[in-house]
Protein chains: 2
Amino acid sequence: MTTRGRIDKRHAILNAAFTVFSRKGYSQSCVNEIAAEAGVAKPTVYNHLDSKENLFRHAMTAAAEGAMARNLAAIEGLRDAGGELRGALEELGLQLLLCYANEQSWALRRLLYAEVTQFPDLLDIVLGNGTNRLAEALADRLARLTLTGRLRVTDPAAAAEQFLALLTGPVDIRSRLGTRLLTEPELRDVAGNAVSTFLLAFAAEDARATAAT
Amino acid sequence: MTTRGRIDKRHAILNAAFTVFSRKGYSQSCVNEIAAEAGVAKPTVYNHLDSKENLFRHAMTAAAEGAMARNLAAIEGLRDAGGELRGALEELGLQLLLCYANEQSWALRRLLYAEVTQFPDLLDIVLGNGTNRLAEALADRLARLTLTGRLRVTDPAAAAEQFLALLTGPVDIRSRLGTRLLTEPELRDVAGNAVSTFLLAFAAEDARATAAT
DNA sequence: CCGGCTGAACGCACCCGTACAATTCGGCGT
DNA sequence: ACGCCGAATTGTACGGGTGCGTTCAGCCGG
């Protein structure tokens, strides 16, 4: 597959499909519009991807893999936690929120929520096969920080779950489910609040005096 | 359940509309099926509600108002916080999650996420006009608990935001966006975890020894 | 007798997936 | 560097299906 004989129109088609799907939803989007957005004729779309359903699935997987890669990279950035723990966590939170509050990520989650009943397999693709890959990766890092005495968490998985919840929950509301894009200072504020309460709960010794403004 | 006045048919139509919409999504649902589900002829539907769009809006508002009322009642139950603060917060968390993880609430949020770009006004209706009414009501109660010396929160709004995030975030993941219904013990576990870290961060004095399992 | 309800059908529009002939583009031998 | 071949692409049109919103005659209860 992937006929290399010609320019990779498949990529253009998948990108166009995702943008159109994110504008109008799955069933409201028509293949004609996707073809137009990709600058391609409709039969070409069916030449590369068999059906609208497959088109949707592949467009979602492509977008999901990109978003997951960026998120994992942000978490991996915590590996070399420099001197200051709070600063490192705040930076991690900001990076995660920059991925999370992205226009494309909002569209991805909206489409996932909308079609999760019709396409249940999308869950494994978007969240990362099995349970949530982000939480697992973050749990690994929190466990390391606990072993080195920087944190005091008894259940790394639960702590990771809650760290992510403290980040995404407030953003969901403040951003009005993605209809209002947040500025970087707003994201930094949310990340700071999240790290503050996370450290109040899980810091090893404590610098509890330095709460948020 | 047969005709007992016109007002009953309107309720039946709205209920049927919400169940069908939650099964198939907005654009995949056809008015015929809604009419059949309500035990009503299609012209009757258009006699009560002008268009499919209006039908969707009214069905969503009805479901949203019901869910919001139950949530606010749960928060109001915190007004007379008995002797034990942790027990009261855990009970509140469980009640909120019983509302949140309900099948109907999942359907409501899925439809909201799916159609928020096409029907932006649904946001004010579902979240409660203006900003989040739940967070505001909970912030009021947290402020009271701070004044009476049971908690130590500097920003009640942010604390309420985070308490709700600690509840709903883990449930979103564990429930796989509502495709897997959680049992009450599971919800109790999530609520216990949320209250534990919340108290670790915001308890006035502290009973920090009693963390989760 | 009257107003709401019913069942069925209709016009209109939309869209998926495919067929077909004409056309363009990339690769290759020389 | 050049020109040809075959494959990929294009535009258009069609068949099948579906659904919205409406119309209309008949029905039932008060």
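Here is the naming used below: chain letters follow the sequence lines, and residue numbers restart at 1 for every chain.
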Quiz item: Atom CD1 of I34(B) and atom C1' of dG19(D): how far apart are they, to the nearest Å?
Solution: 12 Å

Exercise. State whether H48(A) places a side-chain N or O below 4.0 Å from either non-bridging phosphate oxygen (OP1 or OP2) of dA8(D).
Key: no

Quiz item: Are D140(A) and R79(A) close enough for a salt bridge, meaning some N to O gap below 4.0 Å?
Solution: no

Quiz item: In whole Å, what is the span from the CD atom of Q28(A) to the P atom of dT18(D)?
Solution: 18 Å

Quiz item: dC20(D), dC15(C), dG17(C): which one has an atom nearest the side-chain heavy atoms of V31(B)?
Solution: dC20(D)

Quiz item: Taking R23(A) for the side chain and S29(A) for the main chain, is one N or O donor matched with an acceptor at less than 3.5 Å?
Solution: no

Quiz item: Picking from dG11(D), dC5(C), dT22(D), which would you name as closest to the side chain of P43(A)?
Solution: dG11(D)

Practice problem: Remember a base hit wins even if backbone is also touched, and classify S27(B) as base, sugar-phosphate or nothing at under 4.0 Å, heavy atoms. | Solution: nothing

Quiz prompt | Whole-Å gap separating P (dT23(C)) and CG (N47(A)) | solution = 20 Å

Quiz item: Roughly, in whole Å, what's the span from CG in L55(A) to P in dC16(C)?
Solution: 10 Å

Exercise. Check the distance between dG21(D)'s C1' and N54(B)'s CG and give it to me in whole angstrom.
Key: 14 Å

Quiz item: Any side-chain N or O of N32(A) less than 4.0 Å from the OP1 or OP2 oxygen of dC15(C)?
Solution: no

Quiz item: Are D189(B) and R174(B) ion-paired here, with the side-chain N under 4.0 Å from a carboxylate O?
Solution: yes

Quiz item: Is the cationic atom of K52(B) (NZ for Lys, CZ for Arg) positioned less than 6.0 Å from the six-membered ring centroid of Y26(B) and within 45 degrees of its normal?
Solution: yes

Self-check item: A41(B) vs K42(A), nearer the 5' end of DNA chain C by closest nucleotide
Solution: A41(B)

Quiz item: Counting side-chain heavy atoms from C-beta on, which of dT12(D), dC20(D), dG17(C) comes nearest to S51(A)?
Solution: dG17(C)

Quiz item: Distance check: side-chain N/O of T44(A) vs OP1/OP2 of dT9(D), anything under 4.0 Å?
Solution: no

Quiz item: Within the pair K9(A) and dT10(D), is there a side-chain N or O less than 4.0 Å away from OP1 or OP2?
Solution: yes

